[in-house]
Amino acid sequence: MGPQYTSCVEPSNFEPADETLIWVLAGLAAVGGVAAVLVNPGLALVSIALVVQALRITLDWMLNGKLVCLHRDHAATDCVCSGDTGFVCAIGRVVDTEAIGEDKNPIEDVDNDESINLVLHPFRMSEFVNDPPDDPTAAEANLVWATRAGVAQGDLLRRPDPPLKRKDGENLPYVAYFRTVVFSEVFGWKAWTEVVGRDYGWFGIIGPDQQMEWGKYQKLYRHENPKLASVPVLHCEFEGARIRNVLAAIEAFSFGGGWCKKNWFTRALCTILQTVFAPLALLAALAAWATAADGEIGDALEGGGTVGPREDVIVRGRWTYDGGHQGYNEIHATRIVQKVQNIPADPAQFDDFLKRWCASLSVTPHADPAGARPADAGAAATFDAQQRPENRWVLHPAIDGCVPDIPPPPPDGGLH
């Protein structure tokens with residue numbers, strides 16, 4: 001089961017990141033760094049303390065404030081994953097994967113999640129073909145088709161209605177998550193990154209010139225008449241530990257206990273201590289950054305491994321709205337992913353297929369920490385069955401399994 005380090009907040013408690021404060025702290029840190037070189041080296045300590053504080057504020061928001069909890073209306077869908085309306089199941093085809101660091105600069109790499117993007121069943125990829133692909137009207141039309149009334153799973157991508165409202169009463173913006181695919185009547189479709197490569201966002205230093213590669217592909221394979229399609233997808237993230245670990249390393253030197261807030265003297269003392277120990281906090285943060293476990297699809301996939309474009313999967317995880325960008329629905333964290341086959345194309349048959357899969361996953365043990373008995377009755381029954389000796393085999397029951405003890409029948413078959 002994939003890990004989950006982040007928490008989510010209800011829409012009415014959501015507050016955007018205080019970018020003004022962060023930029024002020026960063027600006028003062030830069031000024032302090034220059035002053036340390038030109039005026040007094042001791043000012044470097046203050047500069048480092050400001051950097052650490054800006055980093056702490058940013059990471060705390062990313063870990064505990066960026067994601068908004070969404071709740072599925074179980075009355076409007078047959079797919080009930082569990083008693084928690086925030087956990088959903090979805091069946092889709094992998095459009096592409098997003099590697100750790102892809103489309104991010106080195107600073108943004110503090111978020112070391114791996115991702116997959118799913119076009120949700122039932123769908124026809126040819127319905128998404130548009131030219132030009134960057135036309136917002138065409139993209140919006142694709143979203144409307146994918147979330148049309150009555151279609152199974154369309155609610156997972158649909159713009160919230162009524163709009164989500166944040167703490168100050170303002171509406172949260174909504175921009176659907178789209179991925180570009182290359183479509184042809186010759187080969188069907190390919191992920192954009194399969195054609196042009198991956199851009200890891202290192203300020204243009206590392207990664208291919210994707211537009212140039214696309215131009216080359218069009219010339220080399222013009223007989224295929226390739227076109228671009230802008231596909232609305234469900235973004236699914238597998239969490240890495242870097243944000244959590246770096247924040248924990250900083251907090252270990254924060255002296256942020258309740259005693260710091262008792263009066264002006266203790267607040268001042270905490271500020272002095274945080275400044276003095278800022279270099280150690282920064283070193284600890286850098287060490288945590290370097291050693292943090294990356295998010296991996298294999299953590300949530302039974303038996304490990306990975307999934308790739310054109311594979312059908314079912315995923316289960318927490319349904320959220322990502323407030324760190326322009327805003328879109330996603331699964332974050334994705335706790336379970338499993339490959340599936342023989343997905344019906346008929347809408348009615350697919351509805352039944354989805355309902356049966358969701359019912360099966362609803363009794364899959366889902367517990368934190370790993371190994372703990374789940375509270376849900378159905379999941380607890382599955383958990384208990386898994387612990388019995390006859391179900392603990394690894395190779396095959398005939399090799400390393402056992403036969404459960406069966407008590408002998410009573411005399412005379414229990415008739416007397």
Side-chain angles (χ1 to χ4, degrees), residues 1-8 67 69-72 74 77-98 100 113-121 152-153 155-157 233-241 293-309 311-320 322 329-343 350 353-387 391:
M1 181 176 294
Q4 178 177 303
Y5 305 112
T6 57
S7 60
C8 64
L67 300 176
C69 308
L70 296 178
H71 302 282
R72 199 171 200 187
H74 284 175
T77 176
D78 288 331
C79 186
V80 180
C81 254
S82 67
D84 185 347
T85 60
F87 278 83
V88 300
C89 301
I91 295 178
R93 183 162 296 171
V94 179
V95 170
D96 62 0
T97 63
E98 293 184 55
I100 296 165
D113 298 346
E114 189 174 21
S115 307
I116 62 175
N117 298 301
L118 303 181
V119 55
L120 298 178
H121 285 279
Q153 308 190 101
D155 60 306
L156 295 176
L157 300 178
V233 296
L234 182 64
H235 185 62
C236 306
E237 299 210 14
F238 302 81
E239 292 188 2
D294 289 332
E296 293 186 12
I297 296 170
D299 291 339
L301 183 64
E302 181 65 29
T306 189
V307 297
E311 289 190 294
D312 291 315
V313 299
I314 183 167
V315 296
R316 179 187 180 191
R318 187 182 59 196
W319 191 33
T320 65
D322 189 334
N329 303 342
E330 64 181 15
I331 295 184
H332 194 153
T334 307
R335 310 303 305 278
I336 296 173
V337 58
Q338 183 169 336
K339 297 179 183 181
V340 294
Q341 297 178 333
N342 302 320
I343 299 176
F350 175 77
F353 184 83
L354 175 64
K355 183 177 180 180
R356 287 186 285 113
W357 261 107
C358 290
S360 296
L361 284 185
S362 69
V363 295
T364 300
H366 190 142
D368 288 314
R373 188 175 189 271
D376 179 80
T382 302
F383 180 88
D384 292 340
Q386 291 174 337
Q387 310 312 307
N391 295 328

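In what follows, every heavy atom counts, from backbone to side chain, and hydrogens, waters and symmetry copies are set aside.
- Of all the heavy atoms in Cys236 and Val315, the pair that sits closest is SG-CG2, 4.1 Å.
- Using modelled atom types, no side-chain atom of Arg93 and backbone atom of Glu311 make a donor-acceptor pair closer than 3.5 Å.
- Side-chain contact check for Leu234 versus Leu157: some heavy-atom pair is nearer than 4.5 Å.
- Nearest heavy-atom pair, Arg335 versus Ala300, reported as atom, atom and distance to 0.1 Å: O-CB, 3.3 Å.
- Between Asp312 and the options Lys339, His121, Gln341, a side-chain hydrogen bond (donor to acceptor under 3.5 Å, both in side chains) holds for only His121.
- Side-chain N or O atoms of Glu114 include none that pairs as donor or acceptor with a backbone N or O of Asp294 at under 3.5 Å.
- In this structure the side chain of Val94 reaches within 4.5 angstrom of the side chain of Leu118, judged on heavy atoms.
- One distance of note links CZ of Phe350 with CD of Gln153; it measures 4.0 Å at 0.5 Å rounding.
- No side-chain heavy atom of Ile100 sits less than 4.5 Å from a side-chain heavy atom of Glu296.
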Original post:
Would Asp113 and Glu98 satisfy side chain to side chain contact (heavy atoms under 4.5 Å, CB included), going step by step from the backbone distance to the final call?
Top reply: CA-CA 9 Å; Asp113 298 346; Glu98 293 184 55; over 6 Å; no
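- What you find for Val307 and Thr97 is that their closest heavy atoms are O-CG2, 3.7 Å.
- Proximity of a side-chain donor or acceptor of Arg318 to a complementary backbone N or O of His332 within less than 3.5 Å is detected.
- Ile116 CD1 to Ile331 CD1: the interatomic distance, rounded to the nearest 0.5 Å, is 8.5 Å.
- For Ile314 against Cys89, the heavy-atom pair with the smallest separation is CD1-CB, 4.4 Å.
- Contact of the Asp299 side chain with the Glu239 side chain is not registered, since no non-hydrogen atoms from C-beta on lie closer than 4.5 Å.
- In this structure, CZ on Phe238 lies 13.0 Å from CD on Gln4, to the nearest 0.5 angstrom.
- Between Cys69 and Cys8, the sulfur-to-sulfur (SG-SG) separation falls under 2.5 Å.
- Taking each heavy atom of Ala333 and Pro3 in turn, the nearest pair found is CB-O, 3.6 Å.
- Between the side chains of His235 and Asp322, no donor-acceptor pair of N or O atoms lies under 3.5 Å.
- Counting all heavy atoms, side chain and backbone alike, Ala90 lies closest to Leu120 at CB-CD2, 4.1 Å.
- Taking NE2 of His71 as the start and CH2 of Trp319 as the end, the distance is 9.5 Å to the nearest 0.5 Å.
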